[in-house]
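Take a look at the structure set out below.
This one's a predicted model, so the numbers in the text were calculated from it and none came from an experiment.
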Amino acid sequence: MSSLGPTFGRGAMTNSWTDIKNTDLVIVMGGNAAEAHPCGFKWVTVAKANRGAKLIVVDPRFTRTASVSDYYAPIRPGSDIVWLMGMIRWMIANDKVQWEYVKNYTNAAFIVKEEFGWSDGLFSGYDAEKRDFDRSSWDYELDEEGFARVDMTLGHPRCVWNLLKKHVDAYTPELVEQVCGTPKERYLRIAEMIGECSSPTKTMTSMYALGWTQHSKGAQNIRGMAMLQLILGNIGVRGGGMNALRGHSNIQGLTDIGLMSNLLPGYMNIPLERETDYATYMASRANKPLRPGQTSYWQNTPKFMVSLMKALWGDHATAENDWAYDYLPKLDVANYDVLRMFEMMNNGEVNLYFCQGFNPLLSFPNRNKTTAALSKLKLLVVMDPLETETARFWQNHGRNNDVDTASIQTEVLELPTTCFAEDEGALVNSGRWMQWHWAGATPPGEAKHDTWIMAQIFKRVRELYRQEGGAYADPILNLSWDYADEDEPTPQELAREMNGRALQDLYDPADPTKVIVAKGQQLLNFSQMRDDGSTMSGCWIYSGSWNENGNNMARRDNFDPDDTGAYLNWTFAWPLNRRIIYNRASADLHGKPWDETRKLLEWDGTKWTGYDVPDVAPTAKPEEVMPFIMNPEGTSRLFTRGLMRDGPFPTHMEPFESPIANVFNKDLRGNPASRVFEDDFAQFGTSDEFPFVATSYRLTEHFHFWTKHNKINAALQPEFFVEISEELAAEKGITKGGWVRVWSKRGEVWAKALVTKRIKPLKCGDKLVHVIGIPLHWGFTGAARKGFGPNTLTPSVGDANVETPEFKAFLVNIEPSEGENVS
């Protein structure tokens with residue numbers, strides 16, 4: 001979502017689940033909310049019932065979400081960018097643009113460097129050998145003061161708006177039909193419905209999930225819709241937004257607190273090797289405003305960073321040692337994502353792997369490679385409440401896991417953990433709400449809390465360093481571990497630590513005699529953080545969640561003045577309890593709401609008032625400070641400069657395995673900026689051998705690989721199947737309920753065939769494309785029948801920006817088969 005800015009966009013909703021009730025039009029594309037997020041989907045039905053809202057669904061399959069839609073259109077997996085760029089083209093051509101919003105709240109007027117260009121499916125600066133771009137031309141022209149040049153008339157040929165018009169010009173409705181397989185008349189009807197939401201008094205909300213992220217250009221899929229929403233003026237308003245539906249109860253919290261290989265808590269970056277000292281690290285994070293008077297809030301990074309370092313190392317982080325900057329790891333590559341980690345493991349470069357609450361054998365692409373990689377470890381430690389396939393990867397289960405057990409020398413240790421219902425703490429939902437929950441059961445048997453296990457490991461490692469020393473023991477020996485019981489930090493202690501507290505008396509900058517936070521007290525929020533070592537916080541965006549007012553995550557007051565859906569006293573939403581981020585954009589340039597009936601904020605002449613916490617300084621004057629305060633521009637981005645590896649605009653890229661060549665460049669395979677390991681490239685299939693497109697999905701009756709251990713869920717969906725059209729079944733001689741074999745260049749699975757009208761062949765130009773749907777919930781442990789997941793078949797390649805694997809579009813073949821013999 002970096003079209004909105006380098007903010008909290010790695011999947012968080014801009015709005016909230018409860019705000020969806022305020023919309024006029026819902027588009028579900030890249031997701032299946034009714035099945036995968038049934039509780040949240042309630043708010044779509046509320047909008048339909050109370051506001052007469054319409055629901056559009058764009059999906060390769062006619063899903064349960066589609067079954068309650070007002071309009072459905074099919075699409076070929078992996079062609080979303082064509083669909084979205086075509087929609088932007090239609091909006092521009094038909095003047096369905098919220099002009100005041102676009103001119104003032106986007107970077108449409110910013111002038112781009114003369115060297116920037118696009119041809120043959122590629123932006124300027126491409127190096128085929130490096131599979132990377134020189135992005136220096138993807139930037140603005142700057143004036144003598146270092147500010148970006150703009151043309152508010154949008155007349156300059158190189159302003160972002162005119163470059164965007166030129167870029168989308170090729171994406172005609174005819175091209176959409178040819179590449180996506182979406183019938184032209186359906187596409188144009190949807191365009192008309194969306195176009196109505198360019199009115200300031202009508203809004204659309206976008207709901208998406210893994211159907212967009214799990215592509216080799218997943219980030220650009222999301223950008224495409226974000227750009228469309230900005231052109232319509234639908235970001236920051238009630239009933240609008242870009243709403244990522246997180247598929248796991250705390251996957252939002254996971255990314256928030258930095259459990260990504262390249263992140264620190266609060267979406268700050270782990271330093272790179274070339275950033276040898278703190279000054280160098282900060283030099284590239286100055287975030288000087290690119291327009292006069294703009295906030296560019298990431299200028300506060302030193303405050304967040306120093307507070308984090310004080311949380312990590314306490315008194316050992318000082319100004320003299322650059323806040324213990326040398327203690328931090330330094331990345332020698334962009335990140336150590338799962339694809340890289342298992343590539344290294346497969347090459348014998350990893351000896352020990354800790355697997356906490358994860359099931360890589362069923363989750364990571366190219367299962368045969370995952371098995372081979374795990375087989376080369378010396379030690380695998382699995383922390384999980386359930387018996388996972390990963391912990392049992394070495395067992396032979398016939399064709400469901402056909403391995404040579406005797407040849408696998410990996411030692412496997414299972415550490416039984418508690419499940420979520422036996423824990424206390426906060427879960428962070430898609431809407432950024434941090435909701436405290438309490439334990440509902442006592443852990444059985446030897447199960448221990450994850451915090452206890454990790455504390456024991458840390459203490460033992462620290463003791464080994466104390467006794468034996470090490471190459472650089474300081475980061476371990478000096479780690480702050482200030483808990484009442486060193487053996488098990490409590491959720492309350494950890495939550496307070498993430499909020500942060502004052503390490504010295506904090507004085508009011510406007511009145512040096514006035515103490516605003518006494519030493520030892522919790523910070524009110526991150527606005528009180530300092531870069532002088534006087535504050536600490538484990539995660540700056542969570543600051544305010546547990547302050548001197550208490551545990552704000554535990555609040556349960558559902559009072560909602562004027563029925564806005566904000567519920568400001570129900571739990572805590574980061575940042576600053578804000579329910580809709582970029583909410584300053586809900587009002588015009590002078591601070592008046594675009595739509596009085598859906599007022600969110602309003603300028604009263606001296607300050608912002610309304611129903612949400614303002615996403616600008618409370619006294620920031622409306623004509624001066626623009627809404628997108630995290631960006632140096634002050635605006636959102638239709639053009640992302642050099643911030644994304646694969647282009648400042650989304651451009652069509654086929655999946656790495658596709659039945660159709662790229663219409664702009666037939667020699668271009670996949671995303672030209674995606675990292676591909678040599679052995680993985682050799683395992684990409686072609687449509688000659690594998691003529692059918694496969695895509696993975698989830699079912700309501702199962703949750704990932706957990707609920708197959710539950711007899712009730714196993715009874716509801718007991719057996720692995722694949723979903724195919726009646727036309728494909730007839731072509732291949734497959735009977736309904738009969739066994740089939742599905743195979744790719746990487747592996748094969750056996751399944752029952754669900755022959756259905758819900759999937760139909762797509763006419764893409766002169767080619768008929770068949771789609772096979774493959775649900776993901778089966779393995780060889782649990783109460784359900786043994787089965788497979790799609791990852792046996794999927795290629796090992798990921799998105800160019802965040803390395804999310806391409807599970808949603810790959811090539812397979814299919815044939816009738818015999819069922820496994822049962823004795």
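For the pair R61 and Y697, the distance from NZ or CZ to the six-membered ring centre is under 6.0 Å and the angle to the ring normal is within 45 degrees. The side-chain tip of R186 does not point at the ring of W83 from less than 6.0 angstrom away and within 45° of straight on.
For F664 and Y171, the ring centers are positioned less than 6.0 Å apart. A distance below 6.0 Å separates the ring centres of F358 and F364. Taking the ring centroids of H167 and F123, they lie under the 6.0 Å cut-off.
Using a 4.0 Å cut-off between charged side-chain N and carboxylate O, E689 and K745 make no salt bridge. We find that E803 and R675 are joined by a salt bridge, their nearest charged nitrogen and carboxylate oxygen being less than 4.0 Å apart. Between E654 and R76 there is a salt bridge, with a side-chain nitrogen of the basic residue lying less than 4.0 Å from a carboxylate oxygen of the acidic one.
W17 meets the side-chain hydrogen bond (donor to acceptor under 3.5 Å, both in side chains) test with no other residue; sequence neighbours excluded. Under the side-chain hydrogen bond (donor to acceptor under 3.5 Å, both in side chains) criterion, D70 pairs with K48, sequence neighbours left out.
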Stepwise side-chain hydrogen bond (donor to acceptor under 3.5 Å, both in side chains) test for T63 and R758: CA-CA 7 Å; T63 62; R758 292 180 298 200; over 6 Å; no

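The two residues P659 and S687 come nearest to each other via the heavy atoms CA-CB, 3.8 Å.
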